[in-house]
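Here's the structure we're looking at; comments come further down.
Start at 1 with the first residue, then count along the sequence. Everything numeric in this text was worked out from a predicted model, so none of it was measured.
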Amino acid sequence: GGVTIGTENTTLYAGQLAGRNNGVITNVYASGNVSATSKAYVHAGGLLGYSGGTLVNVYTNGGVTATANFFAYVGGLAGSGNGTITSAYASGTATATASSNAYVGGLVGYHYDSTITEAYATGNVSSTSNSAYAYAGGLVGFSEANITNAYATGNVSATSNLSYAH
C-alpha cells in the first residue's frame with residue numbers, strides 16, 4: 001500500500017496512519033510509501049504528517065517523498081511535530097525538494113518543544129532547497145527537542161542553490 005496526495009495552494013499533511021495527530025498512538029506499524037506534492041507547504045511522514053501527541057512503540061519502513069513550492073517537512077516517521085516520541089524507528093528513505101526551506105530527517109523532519117527517547121532511523125536522507133535552507137539529519141532534520149538514547153545510520157545529503165545546506 002501507499003499514499004499519494006497532491007494539492008494546489010494549501011498546506012498538506014500526509015502519512016500512512018493520519019495526516020495530523022494530537023492524541024496517543026501506541027504499538028503501531030506502517031509500511032508503504034508516502035508521496036506528497038503541494039504548491040504551498042508539505043508535512044509528510046511514514047506514519048504521520050504532523051505529530052503533536054504521544055507516540056510509543058511505533059515504526060515504519062516505507063519511503064517518504066515530498067515536493068513543495070514553500071516549505072517541506074519530511075521524516076521517516078513524522079514530517080514535523082512537537083509531540084513526545086518513545087521507542088520508535090523508521091527504516092525508509094526520506095526525501096524533499098522545496099523552493100524555500102526543506103527539513104528532512106530519518107525519523108522526523110522538524111521537531112520542537114518535546115522529547116525523543118529510544119529511537120533510531122536507518123534510511124537515507126536527502127534535502128534540497130532551490131532558494132533557501134536545506135536541513136538534513138540522519139535522525140532529525142532540525143531539532144529544538146531533547147533527544148536521548150537515539151541513533152541514525154543512513155546516508156545524509158543536503159543541497160541548496162544558495163549554499164545554505166546544513
Problem set entry | Separation of Asn21 CG from Ser51 OG (nearest 0.5 Å) | 5.0 Å
Exercise. Should the ring pair Tyr41 and Phe71 be called parallel, tilted or perpendicular, given that the plane angle runs from 0 to 90° and is split at 30 and 60?
Worked result: perpendicular
Problem set entry | Common cluster, Tyr135/Tyr112, ILVMFWY with side-chain heavy-atom separation under 4.5 Å | yes
Problem set entry | Exercise: identify the closest heavy-atom pair between Ala90 and Gly106 | CB-O, 3.4 Å
Problem set entry | Partners passing ring-ring contact (aromatic ring centres under 6.0 Å, His included) against His43 (at least two apart in sequence or in another chain) | Tyr13, Tyr73
Exercise. Is any side-chain heavy atom of Asn82 less than 4.5 Å from a side-chain heavy atom of His111?
Worked result: no
Problem set entry | Partners meeting side-chain contact (heavy atoms from CB on, under 4.5 Å) with Asn146 (sequence neighbours left out) | Thr115
Seminar exercise, completed: Value for CG (Asn57) from OH (Tyr59), rounded to nearest 0.5 Å, stands at 8.0 Å
For this session: Looking only at non-hydrogen atoms, find the nearest pair between Val125 and Gly105 and report the distance.
Result: CG2-C, 3.9 Å
Problem set entry | Thr60 side-chain N/O to Gly76 backbone N/O, donor-acceptor pair under 3.5 Å | yes
Seminar exercise, completed: Hits for ring-ring contact (aromatic ring centres under 6.0 Å, His included) against Tyr50, two or more places apart or cross-chain, chain-then-number order -> none
For this session: Please list, chain by chain and in numerical order, all residues satisfying side-chain hydrogen bond (donor to acceptor under 3.5 Å, both in side chains) with Asn101, sequence neighbours excluded.
Result: Tyr103
For this session: Ignoring hydrogens and angles, tell me if any N or O in the side chain of Glu118 forms a donor-acceptor pair with the backbone of Ala150 under 3.5 Å.
Result: no
Exercise. Taking atom OH of Tyr120 and atom OG of Ser87, what is their separation to the nearest 0.5 Å?
Worked result: 10.5 Å
For this session: Taking atom types as modelled, find out whether Thr86 and Thr117 have a side-chain donor-acceptor pair closer than 3.5 angstrom.
Result: no
Problem set entry | Contact summary for Ser157 and Ala136, nearest pair of heavy atoms | O-CB, 3.6 Å
Seminar exercise, completed: Taken to the nearest 0.5 Å, the spacing of Lys39 NZ from Ser99 OG works out to 11.5 Å
Seminar exercise, completed: Tightest non-hydrogen contact, residues Gly63 and Asn33, listed as N-OD1, 2.8 Å
Problem set entry | Test side chain to side chain contact (heavy atoms under 4.5 Å, CB included) applied to Glu144 and Tyr110, step by step | CA-CA 8 Å; Glu144 296 179 271; Tyr110 183 96; 2.6 Å; yes
For this session: Drop me the distance from Thr97's OG1 to Asn69's CG, to the nearest 0.5 angstrom.
Result: 11.5 Å
Seminar exercise, completed: The remaining residues in the hydrophobic cluster of Ile25, counting side-chain heavy-atom contacts under 4.5 Å among Ile, Leu, Val, Met, Phe, Trp and Tyr, are Leu17, Val28, Leu47, Leu48, Leu55, Val58, Leu77, Ile85, Leu107, Val108, Ile116, Leu139, Val140, Ile147
For this session: Determine the minimum heavy-atom distance between Ser129 and Ser100, stating which atoms define it.
Result: OG-O, 2.7 Å
Problem set entry | Non-hydrogen atoms of Thr128 and Ala102 that approach each other most closely | O-CB, 3.6 Å
Problem set entry | Straight-line distance of Tyr89 OH to Tyr151 OH, nearest 0.5 Å | 10.0 Å
Exercise. Hydrophobic clusters join Ile, Leu, Val, Met, Phe, Trp and Tyr when side-chain heavy atoms are under 4.5 Å apart, directly or via other members; which others share one with Val56?
Worked result: none
